[in-house]
Amino acid sequence: MTFLQGREKRFRSPRELFRAALAAVFPTEKMQVPKRQTAFCYVDGPMHYLGQQIVKRMQDAGHPAVIIECYRPPERQRKLKAQGRSKAGPWESPHQFFEAVDIVHPSLGWGVSEAYWEALAACVRIVSEAYGVELVHGHNWRFRDSAHIEIRDWRLVRDRHRKRVLDGGEARRPSAAELCERFAEVLPAVAADQQRRK
């Protein structure tokens, strides 16, 4: 146990020993402490809310995290596909329907250790179970996208959107009413609680 070399200290509990080992392996960053996730947004659809819950869990575990993207305009999606940074074209990605988030380290972005992505994967599982929503994390995909988290049934929203909008005219981002409807569909208890608070 190399982190104990030269230390005379005895640990009172396994938890104390574990914390000392973690501190030795992952020293605290020398940076401004990022703002903690305390307020939650209910208007950008259920995935944005779930993403905020994941960020909160990451921060509680000692990992700075931030949502960098929930809605992605189709023009940006087209550019990312052309650059080879995405497999999906415009209106083929869950980001165009507010059904995915990208969560990264606030100052290091994607340049973090494997342990960071594993912690994010654990937080995704915790939030998924806590809210009863199936989430998919891009960390284990062949086309690895560790920052990406999406609602498993996002294609239902895409198909509903195509039926409502794309077949009848010009493509557009989901409206506030559509996002509210989807929020109530995916997170009915949270939506009902939010309605009671209004």
Side-chain angles (χ1 to χ4, degrees), residues 37 39-58 65-104 120-198:
Q37 182 74 49
F40 301 100
C41 175
Y42 298 88
V43 297
D44 289 335
M47 190 62 233
H48 190 263
Y49 177 83
L50 292 168
Q52 292 171 327
Q53 297 298 324
I54 294 165
V55 165
K56 183 177 184 315
R57 299 305 194 289
M58 285 289 285
V66 65
I67 296 173
I68 58 163
E69 198 162 41
C70 180
Y71 175 74
R72 180 183 296 154
E75 302 79 35
R76 178 163 156 67
Q77 187 68 42
R78 186 176 290 112
K79 278 185 197 173
L80 291 173
K81 184 171 183 176
Q83 294 169 353
R85 294 174 52 201
S86 177
K87 290 204 175 249
W91 303 110
E92 296 171 357
S93 166
H95 284 288
Q96 275 82 71
F97 305 98
F98 291 84
E99 293 286 309
V101 293
D102 288 340
I103 297 176
V104 298
L120 180 60
C123 291
V124 169
R125 285 190 301 274
I126 290 167
V127 169
S128 178
E129 290 173 13
Y131 288 92
V133 178
E134 280 193 73
L135 299 176
V136 176
H137 186 204
H139 182 60
N140 298 318
W141 292 347
R142 272 185 287 135
F143 182 78
R144 192 167 186 191
D145 189 356
S146 296
H148 181 87
I149 303 140
E150 64 187 39
I151 296 176
R152 181 172 299 282
D153 71 349
W154 74 269
R155 287 173 182 82
L156 296 172
V157 174
R158 178 195 61 193
D159 296 343
R160 187 175 2 181
H161 189 73
R162 283 179 176 164
K163 191 170 195 157
R164 284 183 183 166
V165 178
L166 299 180
D167 292 341
E170 195 66 30
R172 63 161 173 78
R173 68 186 268 165
S175 68
E178 291 167 333
L179 290 172
C180 186
E181 175 188 327
R182 178 65 171 158
F183 197 104
E185 178 184 335
V186 174
L187 299 167
V190 176
D193 186 50
Q194 181 60 18
Q195 283 298 100
R196 278 193 296 276
R197 291 182 186 188
K198 284 185 178 181

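Side-chain atoms are counted along with the backbone in the values below, which use heavy atoms only and exclude waters and symmetry mates. Note that the coordinates shown come from a computational prediction; the quantities given were computed from them, not determined experimentally.
- Here the closest non-hydrogen pair linking A147 and V104 is CB-CG1, 3.6 Å.
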Could you please spell out the steps behind the salt bridge (charged side-chain N to carboxylate O under 4.0 Å, His left out) verdict for E99 and R158?
CA-CA 9 Å; E99 293 286 309; R158 178 195 61 193; over 6 Å; no
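- From F97, atom CZ reaches atom CG of L156 across 12.0 Å, with rounding to the nearest 0.5 Å.
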Would R72 and Q96 count as a side chain to side chain contact (heavy atoms under 4.5 Å, CB included) here? Give the steps.
CA-CA 5 Å; R72 180 183 296 154; Q96 275 82 71; 3.8 Å; yes
Begin from the C-alpha positions of L120 and I54 and carry the test side chain to side chain contact (heavy atoms under 4.5 Å, CB included) through to its verdict.
CA-CA 8 Å; L120 180 60; I54 294 165; 3.6 Å; yes
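- Across every non-hydrogen atom of A184 and A191, the tightest pair is CA-CB, 3.8 Å.
- A salt bridge is absent between D44 and R173: the closest approach of a Lys/Arg side-chain nitrogen to an acidic carboxylate oxygen does not fall below 4.0 angstrom.
- Partner V127 forms a side-chain contact (heavy atoms from CB on, under 4.5 Å) with one of Q52, K56, Q53 and no other, that one being Q53.
- For the pair I67 and C70, the tightest heavy-atom approach, listed with the atom from each and the gap, is CG2-N, 4.5 Å.
- Remark: the backbone N or O of S146 is paired with a side-chain donor or acceptor of H137 at under 3.5 angstrom.
- If you run side chain to side chain donor-acceptor pair (under 3.5 Å) between H95 and each of Q77, R76, H148, only H148 comes through.
- For the residue pair E150 and W141, the shortest heavy atom distance occurs at OE1-CH2, 3.8 Å.
- A heavy-atom distance below 4.5 Å is not found between the side chains of V124 and R57.
- Using a 4.0 Å cut-off between charged side-chain N and carboxylate O, R197 and D193 make a salt bridge.
- For the residue pair V55 and A65, the shortest heavy atom distance occurs at CG1-O, 3.4 Å.
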Intermediate values then yes/no, side chain to side chain contact (heavy atoms under 4.5 Å, CB included), V190 and Y131
CA-CA 9 Å; V190 176; Y131 288 92; 3.8 Å; yes
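- Taking the six-membered ring where the residue is Trp, H161 and W91 present parallel rings, their angle staying beneath 30° rather than reaching 60°.
- Distance CD/E92 to OG/S86: 9.0 Å, rounded to 0.5 Å.
- Relative orientation of the F98 and Y71 rings is parallel, given thresholds of 30° and 60° on the angle between their planes.
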Check the pair R78, E75 against salt bridge (charged side-chain N to carboxylate O under 4.0 Å, His left out), reporting the backbone distance first and the verdict last.
CA-CA 5 Å; R78 186 176 290 112; E75 302 79 35; 5.3 Å; no
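- Looking only at side-chain heavy atoms (C-beta outward), I149 and M47 come within less than 4.5 Å of each other.
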Audit row: L50, V101, side chain to side chain contact (heavy atoms under 4.5 Å, CB included) steps and yes/no
CA-CA 9 Å; L50 292 168; V101 293; over 6 Å; no
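- Contact between P46 and I151 at its shortest, heavy atoms only, is CG-CD1, 4.0 Å.
- In this structure, CH2 on W154 lies 15.5 Å from CD on E134, to the nearest 0.5 angstrom.
- In this structure, NZ in K87 is found 7.5 Å from CZ in R142, a value given to the nearest 0.5 Å.
- Rounded to the nearest 0.5 angstrom, N140 CG and D145 CG are separated by 11.5 Å.
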